[in-house]
Amino acid sequence: MSSDSSTTAPQKTTAPADPKALSEGARQERRLGWLLCAPAVVVMLAVTAYPIGYAVYLSLQRYDLRFPSQASFVGLSNYGAVLSSPFWWEAFWVTLFITVVSVAVELALGLALAVVMHRTIFGRGTVRTAILVPYGIVTVVAAFSWQYAWTPDTGYLAALLPAGDAPLTEQWPALGLIILAEVWKTTPFMALLLLAGLALVPEETLRAAMVDGASAWQRFTRVTLPLMKPAILVALLFRTLDAFRVFDSIYILTSGAHGTGSVSILGYDNLFTALNLGIGSAISVLVFICVALIAFAFIKLFGAAAPGSQEGGR
Amino acid sequence: MAWKARAAGAPAAASARPAGRWLRALVTLPLIACLLASCDSSSSSGPATVNWYNFPDDSGALAGAAANCTRASGGRYRVVYNRLPRTADGQRQQLVRRLAARDDSLDILGLDVTWAPEFAEADWILPWTGANRRRATAGTLEVPLDTATWKGRLYAVPYNTNTQLLWYRSDLVPRPPRTWAEMLDMARALAEQGKPHYIEIQGAQYEGLTVWFNTLVESAGGSILNRTATAPSLGPPAVEAATIMRDLATSPAADPSLPNQMEDQNRLAMESGTAAFELNYPFVYPSMKANQPELFKHFRWAAYPGVDADRPAKPTIGGIDLAVAAYSRHPDYAFEAALCLRNRQNQLAAALQGGLPPTLRAIYSEKPFIKSYPFAAQVLAALENASTRPKTPAYQNVSIAISHTLSPPSAIDPRSSVATIRDQIEDALESKGLIP
């Protein structure tokens with residue numbers, strides 16, 4: 001990002017398009033730049049690339065911790081077992097459902113909250129802090145509080161339902177409650193990202209639209225939203241990546257029982273309960289591939305740009 | 001560009017040199033202090049510490065046992081009681097993660113009765129041999145010993161056990177039923193008379209459902225796995241067991257919350273007066289006495305109902321076995337301490353204070369025990385004829401396959417459910433399938 005601009009600037013002023021014509025000074029500076037980045041790159045490789053590489057390595061073996069003497073290389077058969085298992089596809093569709101519904105609801109609510117935060121005149125700081133409180137609570141703590149609220153006989157929210165109803169033990173009510181917990185937790189984060197985008201919409205454009213006779217709704221949909229598109233795409237990208245890997249809320253609320261397990265829960269169960277490192281690693285690698293596909297789709301197809309790398313008014 | 005930067009930086013560096021040196025010293029001192037502190041911990045000269053990891057016990061019985069055994073060691077070691085999470089799954093995951101990382105601070109492990117084969121096959125626990133084995137088996141009940149045995153070797157010493165009895169209300173039921181069919185008929189008759197008629201049993205999608213299925217299969221003369229635990233056995237006894245479960249769940253005797261009920265929900269339903277029969281552990285007895293003295297007057301116990309009239313039931317046991325971790329730094333002390341923790345005195349205290357049925361046969365005829373366990377004779381008879389859950393390192397997969405296929409019990413189709421269980425168990429034994 002910032003290094004981009006510092007290394008492209010000297011190139012433009014000292015040499016034409018031919019990189020071989022870099023001056024000694026520019027080459028030295030470029031090498032210094034790489035050396036200074038090296039420690040961070042090494043740490044990143046150690047912390048992220050090594051576990052990913054090890055997971056891929058494990059996924060190519062039949063390795064069950066309970067039968068350590070029978071570990072052997074089996075190529076892609078673990079992936080075949082996972083992709084042909086109905087448990088994987090059920091978890092996949094559940095995850096997709098939770099992701100799409102929760103991100104859509106969060107986008108709508110987040111936009112509304114962002115507009116409120118933007119227009120508040122009195123106590124702006126207090127309003128913004130109050131809105132951020134759910135995001136500041138640890139996910140597990142919030143999930144326990146939701147689980148308590150929905151447990152029949154003791155929960156204050158379960159008391160509002162007909163007696164004997166246990167919503168957390170049926171698939172669709174439980175999925176609804178998981179989405180509710182997720183939306184409650186991360187709408188403030190969406191609102192914050194969208195507020196940043198909202199603040200970039202110039203007042204003059206809106207006033208010009210008002211002068212031209214546009215109604216409030218038309219101003220919002222024809223002027224504000226298109227100008228906010230980069231911020232909306234960034235917010236959607238972050239939230240979709242996170243929502244696909246949902247784990248904490250499901251683990252606490254239902255432990256993935258009754259058909260509410262996501263792909264992360266499936267990977268966790270197969271790794272820690274079944275101690276099947278081969279299958280569990282295959283599931284993890286597949287989740288990694290799905291997340292990479294989502295990021296690819298957003299960046300290349302929808303045109304989401306990483307923050308700070310805007311190139312001249314895109 | 002770079003030479004310009006270096007030239008500009010040089011005078012700044014020169015003037016900053018003394019200050020820079022002090023700064024570097026200040027930064028490195030805490031780092032060195034940390035390193036020294038971490039080196040110091042393993043060279044203590046006091047008595048050795050034997051860490052005992054067990055389920056959390058609120059009655060004080062286990063902490064008392066640890067103190068007793070520290071005293072009995074004569075100053076050579078001290079036993080520290082560390083609490084694991086409350087749920088069995090949480091306990092297992094804590095132990096498994098630390099053993100897989102070869103943690104040497106684990107000495108004595110309180111294992112659930114189904115974990116010994118898994119831990120033994122993974123070489124995480126040490127076998128008991130020679131004098132230790134003789135002391136562990138002397139006077140101990142057979143079936144709990146069987147849970148700690150894998151491939152002919154003893155891997156743990158039984159600590160406490162547990163089994164279910166049939167609890168019923170004598171004001172509704174003059175004579176306890178001997179079989180499941182009889183119990184269902186009695187419940188239907190009570191339902192027609194408009195009296196409380198539910199049969200309380202654990203039907204939620206969890207380990208309790210597997211225990212119910214295992215009890216029925218064993219009582220019908222079959223077993224879930226074959227003798228060498230290499231393939232599923234199942235067969236007609238399993239179909240009969242699944243049929244009984246389906247019949248109960250679809251009859252008027254079924255509690256409407258059956259698909260969500262665990263042991264505690266059964267206890268609460270019985271105490272609320274809507275049920276006539278209950279299949280549960282002995283903890284319901286002191287609870288009924290304390291909570292419902294009126295109902296307690298008619299609260300009776302009997303043997304677990306069988307599947308056939310001519311064959312007594314074989315209820316599945318629960319409980320805890322004590323094992324010695326393979327990476328322990330003091331295995332000799334750990335064996336000795338484990339034997340002390342489960343000796344007659346400590347097991348009696350655990351039974352009286354903590355309500356945990358003991359594994360030493362002699363305690364069942366002691367007066368203080370019988371006074372607080374009036375059903376001691378019935379429990380002992382059940383334990384002598386009890387069954388264990390399938391002994392295999394892949395037990396977690398087997399259990400999940402069973403509980404997921406048989407839940408909810410009203411949706412069981414006996415033949416196809418047993419076929420599904422058979423397929424999933426075959427995969428599980430070869431580490432092939434996924435678990436849901």
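To find a chain, count down the sequence lines: A is the first, B the second, and so on, and within it residues start at 1.
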Under 4.5 Å from a heavy atom of chain B, the part of Ile279(A) involved: side chain
Engaged part of Ile265(A) at the chain B interface, taking heavy atoms whose separation is under 4.5 Å: neither
Heavy-atom contact with chain A under 4.5 Å, split by part of Ile400(B): side chain
Trp212(B)/Leu248(B) under side-chain contact (heavy atoms from CB on, under 4.5 Å): CA gap, chis, key distance, verdict: CA-CA 12 Å; Trp212(B) 183 19; Leu248(B) 169 63; 3.6 Å; yes
When Ala120(B), Pro259(B), Ala428(B), Pro393(B) are compared by non-hydrogen pairs under 4.5 Å with chain A, the top option: Pro393(B)
Among the listed options Leu266(A), Ile283(A), Asn78(A), the residue most often paired with chain B at heavy-atom distances under 4.5 Å: Leu266(A)
Gln205(B) portion near chain A, given a 4.5 angstrom heavy-atom threshold: side chain
Main-chain N/O of Thr149(B) paired to Lys391(B) side chain as donor or acceptor, under 3.5 Å: yes
Side-chain heavy-atom pair Leu60(A), Val74(A) within 4.5 angstrom cut-off: no
Top contributor to chain B contacts, counting heavy-atom pairs under 4.5 Å, from Asn276(A), Val82(A), Thr273(A): Thr273(A)
From CA spacing to verdict: ring pair (Phe, Tyr, Trp, His ring centres under 6.0 Å), Trp88(A), Tyr79(A): CA-CA 11 Å; Trp88(A) 161 262; Tyr79(A) 290 98; 9.9 Å; no
Donor on one side chain, acceptor on other, Tyr53(B) and Arg83(B), under 3.5 Å: no
Heavy-atom pair of closest approach, residues Ser410(B) and Thr250(B): O-CG2, 4.0 Å
Nearest atoms (heavy-atom pairs only) where Leu95(B) meets Trp115(B): CD1-CZ3, 4.2 Å
Arg62(A) portion near chain B, given a 4.5 angstrom heavy-atom threshold: side chain
Portion of Glu430(B) that has a non-hydrogen atom of chain A nearer than 4.5 angstrom: backbone
